[in-house]
Amino acid sequence: MTTIRLHDTRTRSDRDFVPIDPSDVRMYVCGPTVYDRAHLGNARPVVVFDGLFRLLRHVYGADHVTYVRNFTDVDDKINAEALRRRQAGAPGTLEDLIRARTEETIAWYHADMDALGALRPSHEPRATDYIGRMIAMIGRLIDRGHAYARDGHVLFRVRSYADYGRLSGRSVDDMIAGARVEVAPFKEDPMDFVLWKPSDAGLPGWDSPWGRGRPGWHIECSAMSEALLGPAFDIHGGGIDLQFPHHENEIAQSACAHPGAGFANYWLHNEMLLVEGRKMSKSLGNFFTVRDLLDRGVPGEVIRLVMLMTHYRSPMDWTEDKARQAEATLRRWRGLAAGIEPAASPAPAVVDALACDLNTAGALAALHALAAAGDVPGLVASARLMGLLEPAMGAWAEAPSADLTALTARLGALRAAALATKDFAQVDALKAALTAAGVEVRMSKAGVELRPGPGFDPARLAALEEGEARE
RNA sequence: GGCGGGUUGGCGGAGAGGUUACGCAGCGGAUUGCAAAUCCGUGUAGACCGGUUCGAUUCCGGUACCCGCCUCCA
């Protein structure tokens, strides 16, 4: 069996992956807060961990991997948007508006991530469906002395967990020295973080032993992973920006709620995304969503390939040039793959590259080698392991259907005549017009061949044919 | 200030202590009336300074520069 090697952020080392239970490999990845369209940066962990999901399914069997990715649907930004809508005159209660907003956003998210060829996870829990579980976990943390209630809040007592800071490599004292922590009178220690906070009448809230309120950010992931994967599971993933504080706090909560269980055995973090060399931000004007790209005609498969060109632990720079390269590569491969059945299994070189801490760039090189060697069935089977060249994703690359027989015959006749007279003026004029209409012109001794290319424009072609009729 | 990551040929981007990464672009050739497409060939790069070594771009140390996190942003 293939041995998968993963870079574990917690130990800062590459480790052979050994699942707790090979018949049920379990992975949890932090999903989106559903307040708006997913931007391109949101797509990176989706593609990265979809790749790992596919690899795990390949190695352990599709029915032996459980992948959980949550939706955070309780959040102040969602509340703010719902409030804005109500003030703008939208009907319904605030809770209705919140639900409507999150339902809408989840549907967008699914559509956009589907377009990138990401498989749906096994479970996609919503935080609001696990409030009871969170309350129970908070209660247990209080009972064990790891948390305390104060003024309607419940706080995690950071000093009660000796390993706090281990994941992100910092000590509580260092962090306090950094002095960027919220000072609140109800905190025993400035680093203590919120497990539960009170909600006023204008905010969504749930009844709890500490009054009506809502959960803090981190507890949801601890509660949902516990519910769906158990107190110990294999892999926990997410963006590197979540390493602190989110994941650090998650570990503290889960480890203290289930001492000795171990929580997640391997921690994987993907690096951030840049756009043309700069951090994507609204202020720089380079902020865009996945949907923006799709609407602009950049196929999801192209976005996916661009993402796979860079190793997941390096910052990935989105550039127009890369998108162009990726599109050209996919067009070539899809051209080769047309009508070819995939091999029974992906090429070992590709699997090995992916098994080496998801070396997607290496795997792509292996794909190029398969294409160069003419092993198209192997290319297709291997590409599909990476979520590429899937039949459902190829509509964008299909040549538009068009009847070019008349034009082919006309060009062929002109050329045959020109070959005799050595006057190619008319041939070249027609060729230029065809090229301008997005038709690929191929001439050889055997004859003339026309095929619609990427920029095929039937309207300009029609004009050509009308011109012919008038002649 | 604290913590972490990075610096590879024109561009993108990997692996490996010593033998071609790969892709794109470029260049040369085949092919073509000319092209396109395709095919063949072609590139000794590794921020800087030391150290270890028979040998380092690959290991160790330092310097410079860049980036991220420390602000419920993946």
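Labels below follow one simple rule: chain letters A, B, ... track the order of the sequence lines, proteins then strands, and each chain is numbered from 1.
Listed nucleotides B:A21, B:A74, B:A37 differ in distance to A:Ala365; the shortest reach to its side chain belongs to B:A21. The side chain of A:Leu419 has B:G33 as its nearest neighbour among B:A37, B:G33, B:C22. Side-chain atoms of A:Val427 lie closest to B:G33 of the nucleotides B:A35, B:G33, B:G12. When distances are taken from the side chain of A:Asn42 to each of B:A74, B:C22, B:A35, the shortest belongs to B:A74. The side chain of A:Arg332 has B:C24 as its nearest neighbour among B:C73, B:C69, B:C24. Ranking B:C73, B:G33, B:G4 by closeness to the A:Asp75 side chain, first place goes to B:C73.
Using a 4.0 Å heavy-atom criterion, one finds that A:Arg69 contacts no nucleic acid atom at all. The residue A:Phe244 sits close only to the backbone: its heavy atoms come under 4.0 Å of sugar-phosphate atoms, none of a base. Residue contacts for A:Leu273: at a heavy-atom cut-off of 4.0 Å it reaches a base atom on one of the strands shown. No contact: A:His269 has no heavy atom under 4.0 Å from any strand. Counting any heavy atom pair closer than 4.0 Å across all strands shown, A:Arg442 reaches a base atom. Here A:Val29 lies out of heavy-atom contact (under 4.0 Å) with every strand. Using a 4.0 Å heavy-atom cutoff across all strands shown, A:Asn359 reaches sugar-phosphate atoms only and no base atom. Residue contacts for A:Gly41: at a heavy-atom cut-off of 4.0 Å it reaches a base atom on one of the strands shown.
At a cut-off of 3.5 angstrom, counting only N and O atoms as typed in the model, there is a donor on one side and an acceptor on the other between the side-chain of A:Asp428 and the base of B:G33. Side-chain to base pairing of A:Lys431 with B:C34: one donor and one acceptor N or O lie within less than 3.5 Å of each other.
Shown are A:Phe244, A:Trp196, A:Phe193; of these, the ring pair (Phe, Tyr, Trp, His ring centres under 6.0 Å) with A:His218 is made only by A:Phe193. Residue A:Arg334 is tested with A:Glu327, A:Glu398, A:Glu301 for a salt bridge (Lys or Arg N to Asp or Glu O under 4.0 Å); the sole match is A:Glu301.
Regarding A:Tyr164, its OH atom lies at a distance of 12 Å from the P atom of B:C70, rounded to whole Å. Atoms NE2 (A:His368) and C1' (B:U20) sit 16 Å apart, rounded to a whole Å. As rounded to whole Å, 13 Å separates atom P of B:G13 from atom CD of A:Glu271. With rounding to whole Å, A:Asn249 atom CG is found 12 Å from B:C70 atom P. Protein atom CG of A:Leu274 is 16 Å distant from nucleotide atom P of B:A74, rounded to whole Å. The distance between atom CD1 of A:Ile240 and atom P of B:C70, rounded to the nearest whole Å, is 11 Å. Taking atom CG on A:Leu379 and atom P on B:C22, their separation rounds to 17 Å, with Å as the unit. For the pair A:Leu434 CG and B:A35 C1', the interatomic distance rounds to 13 Å; values are reported in whole Å.
Where A:His39 and A:Pro245 meet RNA chain B, the nucleotide closest to each residue was compared, and A:Pro245 sits on the side nearer the 5' end. Ranked by how close their nearest RNA chain B nucleotide is to the 5' end, A:Phe424 and A:Pro45 are led by A:Phe424.
With both pairing distances under 3.5 Å, B:C39 is matched to B:G29 as a Watson-Crick or G-U wobble pair. When both distances must be under 3.5 Å, the Watson-Crick or G-U wobble mate of B:A45 does not exist. Both distances falling under 3.5 Å, in either a Watson-Crick or a G-U wobble arrangement, place B:C65 opposite B:G6. Figure legend. B:C34 is base-paired to no nucleotide; pairs are counted as Watson-Crick or G-U wobble with both atom distances under 3.5 Å. Using N1 to N3 plus N6-O4 or O6-N4 for Watson-Crick, or N1-O2 and O6-N3 for G-U wobble, each under 3.5 Å, B:G15 pairs with nothing.
Residue A:His247 holds its NE2 atom at 11.5 Å from OG of A:Ser168, rounded to the nearest 0.5 Å.
A distance of about 37 Å separates the P atoms of B:G15 and B:G29, rounded to the whole Å. Taking atom C1' on both B:C59 and B:U71, the two are 39 Å apart, rounded to the nearest angstrom. Comparing the C1' positions of B:U42 and B:A47 gives a spacing of 28 Å, expressed to the nearest Å. Rounded to a whole angstrom, the distance from the P atom of B:A56 to that of B:G51 is 11 Å. Nucleotides B:A14 and B:U7 are separated by 15 Å at their C1' atoms, to the nearest Å. Here, B:G12 and B:G46 have their C1' atoms 15 Å apart, quoted to the whole Å. Between B:G26 and B:G18, the distance separating the two C1' atoms is 30 Å to the nearest Å. Nucleotides B:C40 and B:C22 place their P atoms 13 Å apart, quoted to the nearest Å.
Residues A:Tyr130 and A:Asn70 bring no donor and acceptor atom of their side chains to less than 3.5 Å of each other. When only modelled atom types and interatomic distance are considered, A:Ser122 and A:Thr66 share no side-chain donor-acceptor pair under 3.5 Å. Side-chain contact check for A:Asp50 and A:Tyr67: no donor-acceptor pair (N or O, by modelled atom type) lies under 3.5 Å.
Contact annotation: the side chain of A:Ile240 never approaches that of A:Asn270 to less than 4.5 Å [non-hydrogen atoms, C-beta and beyond].
Without hydrogens or angle criteria, A:Arg10 side chain to A:Tyr266 main chain gives no donor-acceptor distance under 3.5 Å.
Applying the side chain to side chain donor-acceptor pair (under 3.5 Å) criterion to A:Asp73, with sequence neighbours excluded, gives A:Arg126, A:Thr128.
Within the structure, a side-chain polar atom (N or O) of A:Lys322 is placed less than 4.0 Å from OP1 or OP2 of B:G13.
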### Task
Do nucleotides 25-32 of chain B as a string where each nucleotide becomes B, S or -: B if the base has a protein heavy atom under 4.0 Å, S if just the sugar-phosphate does, - if no protein is that close.
-------S
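Aromatic ring centres of A:His368 and A:Trp333 lie closer together than 6.0 Å.
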### Task
Show the numbers, then the answer: is there a side-chain hydrogen bond (donor to acceptor under 3.5 Å, both in side chains) between A:His7 and A:Asp14?
CA-CA 4 Å; A:His7 184 85; A:Asp14 293 348; 2.8 Å; yes
